[in-house]
Student: 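Structure provided below as structure tokens; questions to follow.
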There are 2 protein chains.
Amino acid sequence: MVTIYDVAAKAGVGMKTVSRVLNNEAHVRPAMKDRVMKAIDELGYRPNLAARQLAASRSFLITFILSDVFSSYQTSMLVAASTECRLRNYHLVVEVRDQDETAERLVERVTANLRPDGIMLVPPLCNDAAIVRAIESKGTRLVRVASTLSGYGDIVPVRDTDVSHEMVAHIAATGKSRIALIAPPFDKAAASERVTGYRSALADARLPYRADYVVKGDFTFASGKAAAEQLLALPEPPDAIFATNDAMALGAMAAARQIGLDIPRDIAIAGFDDSPGSRTMYPPLTTVRQPIPGMARNAISVLLGHADALEELVPELIIRGSTQPGAAAEVHGEDM
Amino acid sequence: MVTIYDVAAKAGVGMKTVSRVLNNEAHVRPAMKDRVMKAIDELGYRPNLAARQLAASRSFLITFILSDVFSSYQTSMLVAASTECRLRNYHLVVEVRDQDETAERLVERVTANLRPDGIMLVPPLCNDAAIVRAIESKGTRLVRVASTLSGYGDIVPVRDTDVSHEMVAHIAATGKSRIALIAPPFDKAAASERVTGYRSALADARLPYRADYVVKGDFTFASGKAAAEQLLALPEPPDAIFATNDAMALGAMAAARQIGLDIPRDIAIAGFDDSPGSRTMYPPLTTVRQPIPGMARNAISVLLGHADALEELVPELIIRGSTQPGAAAEVHGEDM
DNA sequence: ATGAAAGCGCTAACAC
DNA sequence: GTGTTAGCGCTTTCAT
């Protein structure tokens, strides 16, 4: 094993100098730096993380807590966060919340022996007040992506209002006039940006807002299917449904299909997330692509204290065949 | 910070004794053990991983390398592996293979400063010979799940032949007689267990094996769609398609849908993996559920040297509406 | 079966 | 700017 001593000896300098070079600290003469770098290269020296952790009492680790309920959104975030960590010489540790594990136990075990420098939470866990409080009590840094909850930790926001407005405007532009919404489960659904965008677009298109056209779901396929069944059973059923995530939109598609409706002729359907499933339907689902890599980048930046240069992120409307006949028949299929 | 010294002092023993208790080593009198445990509890002592790593030169870390191409299979494995690690006081670090990153660079960076005690690879990366060789050259322990490639590292096998046979037998039992196969991309496709099961089931059902009914795919939606288009354009098209994974099966469903075929009446379709997408289709996809938690458990066991008690694992046939009208209309929808 | 002492490879604090 | 000296909190010899 090549240690920092060997490098120091080879370069003919003290070991603190090597350490300075390794950590990109200031006050190192370029010539010195080169000499050290050369020695590092020639020796094939690799710093030992455990030793750095112990001496610096930093772990260079970020913990990402995954809920036990799957979503492609979560895993996309995970992948993006891992990629981001690597660019900063950090590593991402995954911990999965066990079913019926209390928030306290979860946070305790995640925090106890690994001592991550920070924890990253995405929906739905980032909206779990007990978890957030437990992390606060441990004093571990926390970043929460797209959280609808205030409280401990930095929050990386997403602006969903405009793109939701755009979505509903697009649907209206295809000639639909009875556009229903499958809303998020939040108590005050009106607080959701996606709902706000829906309402403002209706107003812009001079379409009436009808309370019976808004049904809450809980972001699952089953809830979307149930909501759509309810909507389609209305005396005057909608001719379009905007579901606030893809899983619910797929549920709505299944409900429509089951009673023999043609999509999008009889009923247009749109979702939100650009999940793999949205691309492997026929017709493929019109949806919104979140700027996930950027969100993860922002999250890790915040966690590591570089909150200065956060990116401005804009979700993107993806129009496909479920709202526009003939649109984007050639969707990229990904292995899923 | 409570250290092992504090515990030793409080319990009135030497620190090696505390260490022995913590590591479940032999030669500790029960009374002694209790005394130490009590002190640990009262002090709320938590071992410091970094210090253990440094002293023991073990990291208590397993690295899971994710390919940049998504699959629910991969992420299910990841989750299961993380859960399994936690039960053994290990932690799972995720690293994502960058596009156009060489195998050597990938393994170098994954191995260099974190020094995981083992690496876990699942398809498709576990079949990348260059990566396997690079890991071998680092001397890091490796376990590969369901690999079709021999070479360095332990392999956790899956037995797909029987369930594939069962699948094709099921399709034949529904009255279909022209059953096509979308095969894996492997060079010698006949080497695949799924293909073997297909052929033996055809033989059992006294159905002819037709070379024009077997088309290779590459496990993506697009390849499945293309393969199905080719099959459906045959002078005598098949009345059923068994795709060797779900993504390709969904591609086949899209192809069938596009030309107005009814599933399963005109064409039955089945997949393999029980991916989230298989459950959010209408009709839901008949498929095979792999025993993923067990596979992950076996993989981590092997990696940690407990290769003794490996579980015998059996994949499960999941019959749904895409092959059997009226079957399982009520599929669990998961958020995806 | 238990204890004492010596590091593991690095960074922090300070001296120069 | 650069070098020296102490540890970080554990496990590992090796005594006893």
Side-chain angles (χ1 to χ4, degrees), chain A residues 1-40 43-61 89-91 111-117 304, chain B residues 1-40 43-61 89-91 111-117 304:
Chain A
M1 160 123 311
V2 183
T3 76
I4 200 172
Y5 287 102
D6 303 325
V7 175
K10 173 129 191 166
V13 300
M15 55 181 291
K16 180 55 190 169
T17 303
V18 179
S19 178
R20 282 202 185 86
V21 171
L22 286 172
N23 295 297
N24 268 314
E25 285 173 33
H27 309 303
V28 185
R29 225 179 326 229
M32 188 90 273
K33 181 166 176 173
D34 288 350
R35 217 160 89 208
V36 172
M37 288 301 236
K38 188 152 162 289
I40 289 178
L43 260 33
Y45 167 76
R46 299 273 128 194
N48 179 320
L49 225 214
R52 299 185 70 190
Q53 291 173 330
L54 184 57
S57 41
R58 295 172 55 189
S59 64
F60 302 93
L61 259 25
N89 276 306
Y90 262 68
H91 296 270
T111 261
N113 49 0
L114 219 48
R115 306 182 192 195
D117 292 344
L304 269 33
Chain B
M1 160 123 312
V2 184
T3 75
I4 200 172
Y5 287 101
D6 303 324
V7 175
K10 173 126 189 168
V13 301
M15 56 181 288
K16 177 55 190 168
T17 303
V18 179
S19 178
R20 283 202 184 86
V21 171
L22 287 171
N23 294 297
N24 268 313
E25 286 174 31
H27 309 303
V28 184
R29 230 183 319 233
M32 190 89 271
K33 180 167 179 174
D34 288 349
R35 217 161 89 209
V36 172
M37 287 302 237
K38 189 153 161 288
I40 288 177
L43 260 33
Y45 165 77
R46 297 274 129 192
N48 179 318
L49 226 213
R52 298 185 72 191
Q53 291 173 329
L54 185 57
S57 40
R58 294 173 54 189
S59 64
F60 302 92
L61 259 26
N89 277 305
Y90 263 69
H91 296 271
T111 261
N113 51 356
L114 217 50
R115 306 181 192 196
D117 292 343
L304 268 35

Student: Identify whether any heavy atom of R46(B) sits under 4.0 Å from a base atom; if not, whether one sits that close to sugar-phosphate; answer base, sugar-phosphate or nothing.
Tutor: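 Since only primed, P, OP1 and OP2 atoms lie under 4.0 Å of R46(B), the category is sugar-phosphate.
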Student: Do the side-chain N or O atoms of R29(A) get closer than 4.0 angstrom to the phosphate oxygens (OP1, OP2) of dG1(D)?
Tutor: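 No, outside the criterion.
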Student: Does R52(B) form a side-chain contact (heavy atoms from CB on, under 4.5 Å) with N23(B)? I'd like the steps, not just the answer.
Tutor: CA-CA 11 Å; R52(B) 298 185 72 191; N23(B) 294 297; 2.6 Å; yes
Student: Between Q53(B) and S59(B), what is the shortest heavy-atom contact and its length?
Tutor: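 Smallest heavy-atom distance, with atoms named: NE2-O, 2.8 Å.
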Student: Tell me the closest heavy-atom pair linking A50(B) and L54(A), and the distance in Å.
Tutor: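 A50(B) and L54(A) have their closest heavy atoms at CB-N, 3.9 Å.
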Student: Rounded to whole angstroms, how far apart are NZ on K33(A) and P on dT2(D)?
Tutor: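 The answer, rounded to whole Å, is 12 Å.
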Student: Less than 4.5 Å apart, any side-chain heavy atom of I4(B) and any of S19(B)?
Tutor: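 A side-chain contact under 4.5 Å exists here.
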Student: Separation of M1(A) atom CE from dC8(C) atom P, in whole Å?
Tutor: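 So the CE-P distance, M1(A) to dC8(C), works out to 12 Å.
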Student: Measuring from the side chain of S19(A) (C-beta onward, heavy atoms only), which nucleotide among dA1(C), dT2(D), dT11(C) has the closest atom?
Tutor: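 Nearest to the side chain of S19(A) among the choices is dT11(C).
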Student: Does S57(A) reach a base, just sugar-phosphate, or nothing at all? Heavy atoms under 4.0 Å.
Tutor: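 No contact.
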Student: Measure all distances between protein nitrogen or oxygen atoms and nitrogen or oxygen atoms of nucleotides 3-7 of chain C, and list the pairs falling under 3.5 Å.
Tutor:
| residue | atom | partner | partner atom | Å |
| --- | --- | --- | --- | --- |
| dG3(C) | OP1 | G14(B) | N | 3.4 |
| dG3(C) | OP2 | G14(B) | N | 2.7 |
| dG3(C) | OP2 | T17(B) | OG1 | 2.4 |
| dG3(C) | O6 | R20(B) | NH2 | 3.2 |

Student: In whole angstrom, what separates I4(A)'s CD1 from dA6(D)'s P?
Tutor: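 To the nearest whole Å, that distance equals 18 Å.
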Student: Quick check: are there more than 12 heavy atoms from other residues, nucleotides or ligands sitting under 6.0 Å from CE of M37(A)?
Tutor: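 Not buried by this count: 12 neighbours or fewer within 6.0 Å.
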Student: Can you tell me which nucleotide in dT11(C), dT12(D), dG9(C) comes closest to the side chain of A56(A)?
Tutor: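 In terms of side-chain proximity for A56(A), the closest of dT11(C), dT12(D), dG9(C) is dT11(C).
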Student: Is there a side-chain contact between L61(B) and H91(B) in this structure, where contact means two heavy atoms from C-beta onward sitting under 4.5 Å apart?
Tutor: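 Yes - at least one pair of side-chain heavy atoms lies under 4.5 Å apart.
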Student: Expressed as a whole number of angstroms, how long is the span from Q53(A):CD to dT11(C):P?
Tutor: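 In whole Å, dT11(C) P lies 11 Å from Q53(A) CD.
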Student: Measure across T3(A) and D6(A) and return the closest heavy-atom pair with its distance rounded to 0.1 Å.
Tutor: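 Result for this residue pair: N-OD2, 2.8 Å.
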Student: Send over the distance from I40(A) CD1 to dC10(C) C1', rounded to a whole Å.
Tutor: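 Going from CD1 in I40(A) over to C1' in dC10(C) covers 13 Å.
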Student: Report yes or no: does R20(B) contribute a side-chain atom to a donor-acceptor pair with the main-chain N or O of E25(B) at less than 3.5 Å?
Tutor: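 Between the backbone of E25(B) and the side chain of R20(B) there is no qualifying donor-acceptor contact (under 3.5 Å).
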Student: Round to the nearest Å and state the distance from E25(A) atom CD to dG3(D) atom P.
Tutor: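 Rounded to the whole Å, the gap is 14 Å.
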Student: Using a cut-off of strictly less than 4.0 Å, decide whether N48(A) has a side-chain nitrogen or oxygen near OP1 or OP2 of dC8(C).
Tutor: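 N48(A) to dC8(C) OP1/OP2: no side-chain N or O under 4.0 Å.
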Student: Indicate the atoms forming the closest heavy-atom contact of V2(B) with Y45(B), along with that distance.
Tutor: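 Here V2(B) and Y45(B) meet closest at O-CD1, 3.3 Å.
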Student: Quick one: bend of the helix from dA1(C)-dT16(D) to dC16(C)-dG1(D) from 5 pairs per end, to 10°?
Tutor: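 Angle reported: 30°, given to the nearest ten degrees.
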Student: Rounded to the Å, how far apart are L49(B) CG and dC10(D) P?
Tutor: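 One finds 10 Å between P of dC10(D) and CG of L49(B), rounded.
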Student: In whole angstrom, what separates L54(B)'s CG from dC8(C)'s P?
Tutor: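 For the pair L54(B) CG and dC8(C) P, the rounded distance is 9 Å.
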